[in-house]
Amino acid sequence: MESQVRGGTRWKRFAVVMVPSVAATAAIGVALAQGALAASFSVSGQEFKVSAGKLVGHGFTQYGSLDTGKSLDGSEDQAHPVAVSAFNTAEITNMCQSVVTPIPFLNKNVTLKLTAGDKGKDVEASKLYIDVANLKADEAVFSEMDIGVAAGSATKGPKPNSEEYRQKHSSPYGFAQQADTATLTGVEQTAWATTAGTFKLSNLHMGLQWGSGKGIECY
């Protein structure tokens, strides 16, 4: 992604690099032997927005972690504290993901926006991990919820594995919460990473548009 901030960057090169990489992040399930693990890779220098009309998750765990990577220009190391929302399985209605990339030599922004699950068939995911920086929802309902569980002792949903502990991105003794099911409506969040064992996107649409902000991004 470093080439995006150099004065000699060409638009065609940006498009070739940007579109496949973001589409792959959003639309391709990452299969890992011990389940999805967001902290196992260096995150990009761009957080992204995700919204959903409704998310129904089965087997829910949430715990603290740390995502690490570089700034967008690659000049400095960065660390991002996150709340990892993990689900054994999830169904998502009216899902949207957007990311804004600055084009310095044009002094413009370009927004990539992806939508799915908006024509009567939900997005489906398994072993879904979302590394959340900020979240709000119109309503959140949890069933059989436990608050204050040690992360390593969670039993209802996915939990950190040994690699996150080895990297000291998460602690097995740290605070976590869990529930049999989690139902969130009117969801708006910013995130640094999403991984899944499988991610099935129905009615997928992806597009690029100059600019950013409300009406161009997901929200």
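The structure presented is a predicted model; accordingly, all values stated were derived computationally and were not measured.
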Open item on the list: Does atom NZ (Lys159) have a neighbourhood of more than 12 heavy atoms from anything else shown, all under 6.0 Å?
Closed with: yes

Open item on the list: Within the 4.5 Å heavy-atom criterion, are Gln62 and Val132 side-chain neighbours or not?
Closed with: no

- [ ] Answer yes or no: is there a side-chain heavy-atom contact under 4.5 Å between Thr101 and Leu112?
- [x] no

Task: Leu66 versus Val82, closest heavy-atom pair with distance - done: N-CG2, 4.2 Å

- [ ] Identify the heavy atoms of Leu72 and Gln46 that sit nearest to each other, and give their distance.
- [x] CD1-OE1, 3.6 Å

Task: Minimum heavy-atom distance Val123-Gly117, with the two atoms named - done: CG2-N, 3.8 Å

Open item on the list: I'd like to know if Val141 and Met145 are part of one continuous hydrophobic network [Ile/Leu/Val/Met/Phe/Trp/Tyr, side-chain heavy atoms within less than 4.5 Å].
Closed with: no

Open item on the list: Are Ile216 and Ile103 connected into the same hydrophobic cluster when the rule is that any two of I, L, V, M, F, W, Y join if their side-chain heavy atoms are below 4.5 Å apart?
Closed with: no

- [ ] Check whether any side-chain heavy atom of His169 lies under 4.5 Å from a side-chain heavy atom of Thr68, and answer yes or no.
- [x] yes

TODO: State whether the side chain of Gln178 and the backbone N or O of Lys156 hold a donor-acceptor pair below 3.5 Å, judged by distance alone.
DONE: yes

- [ ] Report whether Ile92 and Phe142 are members of the same hydrophobic cluster (ILVMFWY, side-chain heavy atoms less than 4.5 Å apart, transitive linking).
- [x] yes

Task: Minimum heavy-atom distance between Ser171 and Tyr165, given as atom pair plus value - done: C-CE2, 3.6 Å

Task: Non-hydrogen side-chain atoms of Val84 and Ser170 separated by less than 4.5 Å - done: no

- [ ] Look up atom NZ in Lys136 and atom CD in Gln189, then write down how far apart they are to the nearest 0.5 Å.
- [x] 12.5 Å

TODO: Measure across Gly57 and Leu55 and return the closest heavy-atom pair with its distance rounded to 0.1 Å.
DONE: N-CD2, 3.8 Å

- [ ] Look only at the side chain of Thr61 and the backbone of Pro158, and say whether a donor-acceptor pair between them is shorter than 3.5 Å.
- [x] yes

- [ ] Determine whether the side chains of Thr111 and Ser98 contain a donor N or O and an acceptor N or O closer than 3.5 Å.
- [x] no

Task: Rounded distance [0.5 Å steps], CD in Gln177 versus OG in Ser85 - done: 8.5 Å

- [ ] Is it possible for you to say whether Val110 and Leu106 belong to one hydrophobic cluster, with membership spreading through side-chain heavy-atom contacts below 4.5 Å?
- [x] yes

Open item on the list: Quick one, Thr194 and Phe48 - any side-chain contact, counting heavy atoms below 4.5 Å?
Closed with: yes

Open item on the list: So Asn88 and Lys127, do their side chains get closer than 4.5 Å, heavy atoms only?
Closed with: yes

TODO: Decide whether Leu135 and Ile130 are clustered together by the hydrophobic rule: side chain heavy atoms of Ile, Leu, Val, Met, Phe, Trp, Tyr closer than 4.5 Å, transitively.
DONE: yes

Open item on the list: Tell me which one of Gln97, Lys113, Lys49 satisfies side chain to side chain donor-acceptor pair (under 3.5 Å) with Glu217.
Closed with: Lys49

Open item on the list: Just by distance, no angles: are the side chains of Glu188 and Ser51 close enough, under 3.5 Å, to form a donor-acceptor pair?
Closed with: no

Open item on the list: In the structure I gave you, are the side-chain heavy atoms of Tyr219 and Thr190 within less than 4.5 Å of one another anywhere?
Closed with: yes

Open item on the list: Is any side-chain heavy atom of Glu164 closer than 4.5 Å to one of Tyr63?
Closed with: yes

Open item on the list: Under the side chain to side chain contact (heavy atoms under 4.5 Å, CB included) test against Met95, which residue among Thr115, Asp122, Leu114, Leu204 passes?
Closed with: Leu114

Task: Atom pair NE2/CD of His58 and Glu91 - distance to nearest 0.5 Å - done: 3.5 Å

Open item on the list: Testing the basics here: between Ala151 and Ala176, what is the closest heavy-atom pair and its distance to 0.1 Å?
Closed with: CA-CB, 3.7 Å

TODO: If the plane angle is over 60° it's perpendicular, under 30° parallel, otherwise tilted; pick one for Trp192 and His80.
DONE: parallel

